[in-house]
**Q** 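Next up is a structure, given as structure tokens.
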Amino acid sequence: MPTAILSALPEEQHGLREQLDAAQHVRHAGRDFHTGRWHGKPVVLALSRVGKVAAATTATALIERFGVQRIVFTGVAGGLHPDVQVGDTVIGTEFLQHDMDASPLFPRHEVPLYGRSRFAADAALVDLLTMAASAVSTGLFDAATRAHFKLDGMRIHKGLLVSGDRFVSAAQEALALQHHLPDALAVDMEGAAVAQVCYDYAVPFAAVRNVSDRADDTAHVDFPAYLSQVAGKQARALVSALLPLLD
Ligand code: ADE
């Protein structure tokens, strides 16, 4: 059974498709899926697109149509916790929808009828992602890129990733998120949706995100720069280090 490698945007998938042997393209549910082998392992590459609904649809298609064994999300996120800076890597151990709020019927952030607000990553996959992330070298990038995005000081964090249908690009908003969810490391727009789908189907899930911005007033500038110059190469190196570790 294949491993799904999910990215949100084409830039985050850049360079991954070229790695596939025996590549095949399947169009399904209005999306492009690329199957093949990488390091001898069967994989499916897909773009979730942006936002929770699009990501949930893609994850469901990966499970129902392609019978994937696990889903790994790679891409970028906005740093929330003060320790999480641009260039750092965040590995999600838990996922929460920060814009889920059915209060006063249910506690804020709880997904109604699930009795929980947090969905856990697969612990074994988190360990393998940690090993893979530690093996990614900043030597991939020239000195100017390394200096600009402070890649040499890159740190790996593990913990809560939060998702919502908002690109967070104001310091006030980032502070409010941090206030309500002090252990949140970073914010994206898809991870928690995929985690919920994987929970429903009992499919192992994990996500690794590189921090492209601080979800503050300069996020709209930092995000596209990181996306075009760093994200694809980083994702390719990470997946290339991960696949040989999988059974
Ligand atoms: N992905 C990367 N940066 C983000 C941000 N600031 N808000 C939401 N998703 C993001």
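Atoms within each ligand, like the ligands themselves, are counted from 1 in listed order.
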**Q** State plainly whether the residues R27 and D32 are in salt-bridge range, i.e. N to O under 4.0 Å.
**A**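 Salt bridge flag = yes for D32 with R27.
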
**Q** Which label fits F205 and F95: parallel for a plane angle under 30°, tilted from 30 to 60°, or perpendicular past 60°?
**A** tilted

**Q** Which protein heavy atom lies closest to atom 8 (C) of ligand 1, and at what distance to 0.1 Å?
**A** R166 O, 3.5 Å

**Q** Give me the ring orientation class for H28 and F33: parallel if the planes are under 30° apart, tilted from 30 to 60°, perpendicular past 60°.
**A** tilted

**Q** Look at atom 4 (C) of ligand 1 and say which protein heavy atom is nearest, naming residue and atom and giving the distance to 0.1 Å.
**A** F167 CE1, 3.4 Å

**Q** Considering only heavy atoms of A215, which atoms of ligand 1 have at least one such atom less than 4.0 Å away?
**A** 6 (N)

**Q** Between Y114 and F119, is the gap from one ring center to the other below 6.0 Å?
**A** yes

**Q** Write out the residue and atom name of the closest protein heavy atom to atom 3 (N) of ligand 1, then the distance separating them to 0.1 Å.
**A** D213 OD2, 2.7 Å

**Q** Number the atoms of ligand 1 from 1 as they appear, then name those within less than 4.0 Å of a heavy atom of F223, with their elements.
**A**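 Listed by number with element: 2 (C), 3 (N).
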
**Q** What residue and heavy atom of the protein are closest to atom 10 (C) of ligand 1, and at what distance?
**A**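 Result: V187 O, 3.5 Å.
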
**Q** Examine G78 against ligand 1 and note whether any of their N/O atoms are separated by less than 3.5 Å.
**A**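 In this structure, G78 places an N or O atom under 3.5 Å from an N or O of ligand 1.
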
**Q** Within this structure, what is the CG-CG distance for the pair L242 and L125, rounded to the nearest 0.5 Å?
**A** 6.5 Å

**Q** Report, in ascending order of atom number, the atoms of ligand 1 lying under 4.0 Å from any heavy atom of M189.
**A** 8 (C), 9 (N)

**Q** Taking NE2 in H14 as the centre, count heavy atoms belonging to other residues, nucleotides or ligands within less than 6.0 Å. Is the count above 12?
**A**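 No, the 6.0 Å shell around NE2 holds no more than 12 heavy atoms from other groups.
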
**Q** Please check whether V168 reaches ligand 1 - meaning an N/O of the residue sits under 3.5 Å from an N/O of the ligand, judged on distance alone.
**A** yes

**Q** Determine, using heavy atoms of A77 and all atoms of ligand 1, whether some pair is separated by less than 4.0 Å.
**A**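 A77 counts as a contact of ligand 1 under the 4.0 Å cut-off.
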
**Q** Begin with the C-alpha distance, continue with both residues' side-chain angles, and end with the deciding distance and a verdict on salt bridge (Lys or Arg N to Asp or Glu O under 4.0 Å) for R166 and E173.
**A** CA-CA 10 Å; R166 294 184 62 77; E173 194 178 344; 2.5 Å; yes

**Q** Using a 4.0 Å cutoff against the non-hydrogen atoms of D188, which atoms of ligand 1 qualify?
**A**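 In order of numbering, the contacting atoms are 9 (N).
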
**Q** Parallel, tilted or perpendicular: which one describes the rings of H109 and H180, with boundaries at 30° and 60°?
**A**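 The rings of H109 and H180 stand perpendicular, inter-plane angle above 60°.
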
**Q** Where's the contact between S212 and ligand 1, heavy-atom distance under 4.0 Å: side chain, backbone, both or neither?
**A** side chain

